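Here the structure is laid out as structure tokens; the discussion comes afterwards.
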Amino acid sequence: MKQLSISKEDTLKRFIDIFEASHEGLWEMSPNLQVNFFNRGFYNSFDVSSEGSDLNEWVALVHPEDVHLFTQKVEQQIDNKTSIVATEYRVKNKTGEYRWISAKGTSRFDTDGKLIYMVGSHKDVTEEKENQHRLYQTAYIDPQTGLMNAGKLLLDLKDNFSQQIGALLFIKLKNFHLYIDSYGPYAGDKIVQKLIRCLGELFTDDCYFYRQKSSEFIIRITKSVSAEQIQKSIEQLLDIFKDTSKYHQDNDTPNLNIGICMLPSSAECEQTLLHQVKLTMIYAHEHTEQQFAFFNEQINHIVKKRLHIKTAMKSALYKNEFILKFQPIIQSETKNVDSFEALIRWNSPVFGEIMPDEFIPVAEQNLNIIDIGYFVIEQACSFICNYHELNDRRVKIAINISGVQLLQHDFVDRVLFIIRQFMLNNSDIVLEITESVLLDSNHFAKEQITRLRDKGFSVSMDDFGSGYSSLNSFFTLPFTQLKIDREVVNQSMMTTEAMAYIAFLNKLCQDKNIEVVAEGIETEEMSDAMKAIGVNLLQGYLFSRPLTAAAALKIC
């Protein structure tokens, strides 16, 4: 069989035909920087000669921003005797459009290290780059503002976490969603644009902006900066934003609250760092007038505790973290115990004892107070039932009732049900209601109080004089007891007018057969003064601090 002989020239033509049929370009470059471009189908799109083209013809088509990278790669390959180099850059085609080119090159050198030739390929990767760009935009860019988003923020923080320097700022537009509900999304967009312009004016070099949520923005400063410099810029930001906002909807624009975390920080990871600066923003919102705050561990503790109160209350009830303490109320004449006030405490395994003035307002907002209130009633009834059995004498138990609880339609019936379970008399129970509950002249509240009194409960107006005192509301409602706030009692020890006021109240109550309790009795002088003007019941540290159930059961 006759064997075909194929010349080197034929072999080369075949290889060229192969590349002609492909979508890639093939090129070779001689030591004098003359370039031959193969695959006419690929290179016809570009304004270069196919054979004997000077390298500068190709360089002239490279995007100005990519020229330095391109020439650097070629020089490095020749100078460093690098055999293979890959790079990507943009090249202008005959229609004036820049196309992304992925270039790979291989070099050969003689024994003296001189270049013999360089060969390689070009591939148009424009569509791949555009797809990557679209994916990047979707993953990391906020579509409304063009700012980087929360995902990109976490990525950037993670990439640079070990080289922390500068600061992180968390900015929130307070009441932004309410503003949009009132004036529409277009008005909201204008506010956001104003804010972004203000940020751009004040935070320039080495500052990166992110939109965390619709109303939350982050500034990442990656240069060395002092807290004083940050504060100055923030104060300017607040002034500028306030000034630009006054032209919108009669000044009814969202305020700014800002948390700042100077870097490096104590955070162990990027999520913790972001959480710290957000907690600082929340602190600035809830505890400052200047609208901004710098992170420190005290702020961290305060805000974490506040968030814990908001989020862990319901589970705390089921985990038995709430307990009652009991403070005796003493008869001024005999010094005998007349009753106990049940005082709730939250024994948090995270934050220790949390006082009611910290969690009760939150419980009223999220309606957890309803379940907590019935828990208090049951525990208080259990205590006083045990007290009667152990001491063979009947005293009352005073229970604080939230206005939210009082306004539940089934409240009275549920209280009656609990009382029957412990076989107590209704007269054993004093229900204390803070006077502020009644400010709205709620008719249903009055009906509930009347029904409770008709059922034989004692009903007390608590903390009288602490806020919006109203003798009119007191005497038009069926109360059986008045508790004078500790601040009023303290004031009576310093001014004759305050003492005369308490004496006047006491006389009015005696005429209507209403008991009076003076709170905050801490000295014998206070006790004697209240007794002298006829106040019949006293409560305070002079007699006892709030006690555990076990300790209170021993007091006779």
Side-chain angles (χ1 to χ4, degrees), residues 327-342 380-381 384 388 393-401 403 406 411-412 415-416 419 424-439 441-443 445-486 488-489 492 498-521 526-540 543:
Q327 187 175 35
I329 298 172
I330 305 299
Q331 297 168 355
S332 60
E333 290 289 340
T334 65
K335 297 298 188 290
N336 289 331
V337 175
D338 174 82
S339 55
F340 287 90
E341 181 178 3
C381 288
I384 207 64
H388 293 165
R393 60 187 301 266
R394 299 193 80 83
V395 299
K396 297 179 182 180
I397 185 71
I399 305 168
N400 290 279
I401 301 300
L406 179 68
F411 172 71
V412 176
V415 172
L416 290 169
I419 300 299
L424 291 168
N425 300 324
N426 294 350
S427 57
D428 294 328
I429 310 298
V430 181
L431 300 175
E432 296 188 0
I433 302 170
T434 303
E435 57 170 314
S436 59
V437 170
L438 310 169
L439 290 180
S441 299
N442 189 297
H443 293 293
K446 293 179 182 178
E447 291 175 9
Q448 294 280 74
I449 294 171
T450 301
R451 189 179 173 201
L452 287 167
R453 180 166 175 172
D454 291 345
K455 293 289 185 181
F457 292 98
S458 294
V459 186
S460 175
M461 179 183 276
D462 194 15
D463 297 334
F464 187 87
S466 63
Y468 305 94
S469 302
S470 172
L471 286 173
N472 180 61
S473 64
F474 177 71
F475 288 116
T476 56
L477 290 166
F479 285 103
T480 61
Q481 186 183 89
L482 177 71
K483 295 191 77 173
I484 302 174
D485 184 71
R486 67 183 64 247
V488 179
V489 176
S492 73
M499 184 64 75
Y501 175 65
I502 294 179
F504 167 72
L505 283 177
N506 190 65
K507 180 64 170 63
L508 288 176
C509 290
Q510 284 179 344
D511 293 343
K512 293 181 68 68
N513 198 30
I514 293 171
E515 292 179 324
V516 175
V517 181
E519 297 182 297
I521 305 300
M526 296 174 75
S527 174
D528 293 341
M530 292 298 106
K531 178 182 176 181
I533 61 174
V535 175
N536 57 338
L537 296 174
L538 307 173
Q539 180 179 1
F543 310 109

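Bear in mind that the values here come from a model prediction, so they are computed numbers and not experimental data. Below, each value reflects all heavy atoms present in this structure, side chains not excepted, and no hydrogens, waters or symmetry copies.
The line from CG of Leu482 to CG of Leu537 is 11.0 Å long, rounded to the nearest 0.5 Å. A distance of 5.5 Å separates CG of Leu431 from CG of Leu452, quoted to the nearest 0.5 Å. For the atom pair CZ (Phe457) and NZ (Lys396), the distance works out to 12.0 Å, reported to the nearest 0.5 Å. Rounding to the nearest 0.5 Å gives a distance of 12.0 Å between CG of Asp528 and CD1 of Ile533. Ile397 contributes atom CD1, which lies 8.5 Å from atom CD1 of Ile329 (distance to the nearest 0.5 angstrom). Atoms CD1 and CZ, from Ile384 and Phe340 in turn, are 6.5 Å apart once rounded to the nearest 0.5 Å.
With sequence neighbours excluded, no residue forms a salt bridge (Lys or Arg N to Asp or Glu O under 4.0 Å) with Lys455. For Asn513, the side chain to side chain donor-acceptor pair (under 3.5 Å) criterion is met by no residue, not counting sequence neighbours. Residues passing the salt bridge (Lys or Arg N to Asp or Glu O under 4.0 Å) test with Asp428 are Arg394, sequence neighbours excluded. In this view, Gln331 and Thr334 satisfy the side chain to side chain donor-acceptor pair (under 3.5 Å) rule, not counting sequence neighbours. Remark: Ala398 pairs with Glu341, Val430, Glu432 by the side-chain contact (heavy atoms from CB on, under 4.5 Å) rule, at least two apart or across chains. Residues passing the side chain to side chain donor-acceptor pair (under 3.5 Å) test with Asp338: none are found, sequence neighbours excluded.
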Before giving the answer on side chain to side chain contact (heavy atoms under 4.5 Å, CB included), spell out for Glu519 and Asp463 the whole-Å C-alpha distance, their side-chain angles and the decisive distance to 0.1 Å. CA-CA 8 Å; Glu519 297 182 297; Asp463 297 334; 3.3 Å; yes
Under the side chain to side chain contact (heavy atoms under 4.5 Å, CB included) rule, what do Val516 and Leu505 come out as? Steps first, then yes or no, please. CA-CA 9 Å; Val516 175; Leu505 283 177; over 6 Å; no
Audit row: Glu515, Asn536, side chain to side chain contact (heavy atoms under 4.5 Å, CB included) steps and yes/no: CA-CA 7 Å; Glu515 292 179 324; Asn536 57 338; 4.1 Å; yes
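Looking at every heavy atom in both residues, Leu538 comes nearest to Ile521 through CB-CG1, 4.1 Å. Of all heavy-atom pairs between Ser492 and Met499, the closest is O-CE, 3.4 Å. Between Pro478 and Arg453, the shortest heavy-atom contact is O-CD, 3.0 Å. Taking every heavy atom of both residues into account, His388 and Arg393 meet most closely at CD2-O, 3.4 Å. A pairwise comparison of heavy atoms in Ala342 and Ala380 identifies CB-CB, 4.0 Å as the closest pair. Between Phe543 and Ser527, the shortest heavy-atom distance links the atoms CZ-OG, 4.0 Å.
Within the 4.5 Å cutoff, no side-chain heavy atoms of Gln481 are placed close to those of Ser458. Counting only heavy atoms from C-beta outward, the side chains of Asn426 and Leu416 approach each other to under 4.5 Å. Residues Ile502 and Met530 have side chains in contact (heavy-atom distance under 4.5 Å, counting atoms from C-beta outward). The side-chain heavy atoms of Ile330 and Val337, taken from C-beta on, include a pair separated by under 4.5 Å.
At least one donor-acceptor pair closer than 3.5 Å links the side chain of Thr480 to the backbone N or O of Val459.
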